[in-house]
Protein chains: 2
Amino acid sequence: MMEVKSKGQQVSRREEILDKAARLFKQKGYVATTMREIAEQVGMEAASMYNHIRSKEELLEEICARVAETYVNQMNEIESSDLSPIHKLQALIRSHISITTKNIHWISVANNEWRHLPETSLKTFKKARDTYEDRLAEIIRSGIDCQELAEVHVSIALYTILSSLRWIETWYKPNKAYNAKDLEENIVNILMNGLKKSG
Amino acid sequence: MMEVKSKGQQVSRREEILDKAARLFKQKGYVATTMREIAEQVGMEAASMYNHIRSKEELLEEICARVAETYVNQMNEIESSDLSPIHKLQALIRSHISITTKNIHWISVANNEWRHLPETSLKTFKKARDTYEDRLAEIIRSGIDCQELAEVHVSIALYTILSSLRWIETWYKPNKAYNAKDLEENIVNILMNGLKKSG
DNA sequence: CCTACCGATCGGTAGG
DNA sequence: CCTACCGATCGGTAGG
């Protein structure tokens with residue numbers, strides 16, 4: 001449910017193209033990835049892909065749109081819960097890390113290649129992202145107001161949190177000295193104790 | 001001295017090309033930026049630029065190399081100081097933020113476009129980056145050993161710090177509600193208090 | 001520093 | 001799903 005890409009053995013040809021594209025877009029960047037390279041990964045000629053997709057841009061659009069939707073769904077769930085601000089924030093961080101480690105290629109593309117979206121979907125994506133940030137900022141603000149959080153500058157705290165989370169896709173490798181749970185515990189610890197009012 | 005790009009009124013044509021290129025590379029990405037666009041910003045024909053530079057790749061190489069050098073110089077200074085680990089870490093974070101806000105385009109390009117470097121300079125860049133990370137990790141490790149820092153996972157702490165700093169170039173705008181000093185204070189606060197041993 | 005131009009490669013289409 | 005192919009654009013060179 002919090003998976004960006006579809007699962008199961010029998011995925012459609014279209015899903016396969018999307019997933020191979022996401023991997024290549026992450027690895028080489030959207031502009032530097034050619035349709036011929038994607039086709040090679042899928043195992044067909046470049047021209048044949050156009051029976052399943054409309055354009056290269058459409059691939060990027062779908063990847064970004066699904067990622068945005070996943071984040072919004074997560075935010076909806078947590079925001080409507082009855083947790084206190086600090087616990088909402090904590091839940092969001094955990095959920096964010098979990099989504100990222102599970103869909104690392106897709107998230108990476110949405111985070112780094114969205115500026116190459118064509119105008120209409122670019123606008124939509126930016127709006128979704130801005131709304132997400134506003135809602136997270138509101139949670140931080142509430143936390144400060146009810147004295148659960150230290151009196152940091154809201155937008156600096158916001159971006160410090162998002163930065164720490166967004167960069168997971170850059171350096172996280174599942175086969176490291178720590179697993180996704182360790183990652184979660186450590187990051188939550190560093191961020192939350194830094195934000196928590198000590199006095 | 002900690003400036004990546006050269007200052008002064010009378011910069012050479014080459015420096016002008018490099019700086020315009022850095023701005024465009026940050027804005028559109030290296031691959032999506034054309035030599036014709038850079039030329040237009042400089043005010044000449046694309047072909048004319050080749051009297052000042054060798055290739056498009058050379059522009060990226062020089063930008064990345066200068067940024068890497070700046071960071072290494074900064075690390076050398078702080079590492080050889082007689083500060084305690086926690087104060088070294090703090091000094092590094094402050095210096096890092098200062099360098100970033102002063103050379104935002106160049107730093108952004110080095111952080112996001114380095115993978116498009118040609119093989120030889122790619123190797124050099126990666127090595128410089130890895131060494132930098134190792135040295136920073138060593139500072140964190142010392143801080144944990146002498147009980148100045150909490151017992152976090154070193155590499156997770158390392159990347160959480162670097163992430164928070166690297167993303168400044170994405171969202172920092174000098175004309176915001178806070179200036180570079182505010183930014184410094186707030187980030188140092190969030191990160192350090194999260195790392196500092198509370199007991 | 002410009003005009004003229006080139007080989008390579010790109011995203012995408014026609015037609016089967 | 002493939003073969004054949006096209007218009008556009010790219011980084012870069014020749015020659016002045």
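Proteins get letters first, then strands, A, B, ... in listed order; numbering begins at 1 in each.
A cation-pi contact, defined as under 6.0 Å to the ring centre and within 45° of the axis, is absent between B/R66 and B/W106.
Proximity of residues 50-57 of chain A to DNA chain D (heavy atom under 4.0 angstrom from any strand atom) is restricted to A/N51, A/H52. Within residues 111-120 of chain A, no residue has any heavy atom under 4.0 Å from DNA chain C.
Placement of A/V188 and A/I139 within a single hydrophobic cluster is found when ILVMFWY residues are connected by side-chain heavy-atom separations under 4.5 Å, directly or transitively.
The distance between atom OH of A/Y30 and atom C1' of C/dC10, rounded to the nearest whole Å, is 12 Å. Atom pair B/M44:CE and C/dC2:C1' shows a separation of 11 Å (rounding to whole Å applied). Computed from coordinates, the A/I17 CD1 to D/dC1 P distance equals 8 Å when rounded to whole Å. Distance CZ (A/R36) to P (C/dG12): 10 Å, rounded to an integer number of Å. Between the C1' atom of C/dT9 and the CD1 atom of A/I38 lies a distance of 15 Å, rounded to the nearest Å. In this structure, the CG atom of A/L24 is 13 Å from the P atom of C/dC10, given to the nearest Å. Whole-Å rounding puts the A/E40 CD to C/dG11 C1' distance at 17 Å. For A/M49 and D/dC1, the CE to P distance is 11 Å, given to the nearest whole Å.
How far NE2 of A/H52 is from CD of A/E58: 12.0 Å, rounded to the nearest 0.5 Å.
We find that B/R14 and B/E62 are joined by a salt bridge, their nearest charged nitrogen and carboxylate oxygen being less than 4.0 Å apart.
The listed nucleotides are D/dT3, C/dT3, D/dC10; the one nearest the side chain of A/E45 is D/dT3. For A/M35, the side-chain atoms get nearest to C/dG12 when compared with the rest of C/dT13, C/dG12, D/dT13.
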Report the secondary structure of DNA chain D in dot-bracket form, marking unpaired bases with a dot and bases paired to a different strand with |, and treating Watson-Crick or G-U pairs with both distances under 3.5 Å as paired. ||||||||||||||||
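No side-chain donor from either of A/T131 and A/K127 sits under 3.5 Å from a side-chain acceptor of the other.
When each of B/V31 and A/A46 is assigned the nucleotide of DNA chain D with its nearest heavy atom, A/A46 is the one assigned upstream, toward the 5' end.
With hydrogens and angles ignored, the 3.5 Å screen pairs no side-chain donor or acceptor of A/E15 with any backbone N or O of A/S12. Without hydrogens or angle criteria, B/Q27 side chain to B/L24 main chain gives no donor-acceptor distance under 3.5 Å.
The ring of A/F25 has its center no closer than 6.0 angstrom to the ring center of A/H105.
The shortest distance between side-chain heavy atoms of A/I187 and A/I97 falls below 4.5 Å.
Applying the salt bridge (Lys or Arg N to Asp or Glu O under 4.0 Å) test between B/E37 and each of B/K56, B/K20, B/K28, B/R23 identifies B/K28 as the sole match. Of the candidates A/I93, A/L92, A/I156, A/I161 forms a side chain to side chain contact (heavy atoms under 4.5 Å, CB included) with just one, namely A/I93.
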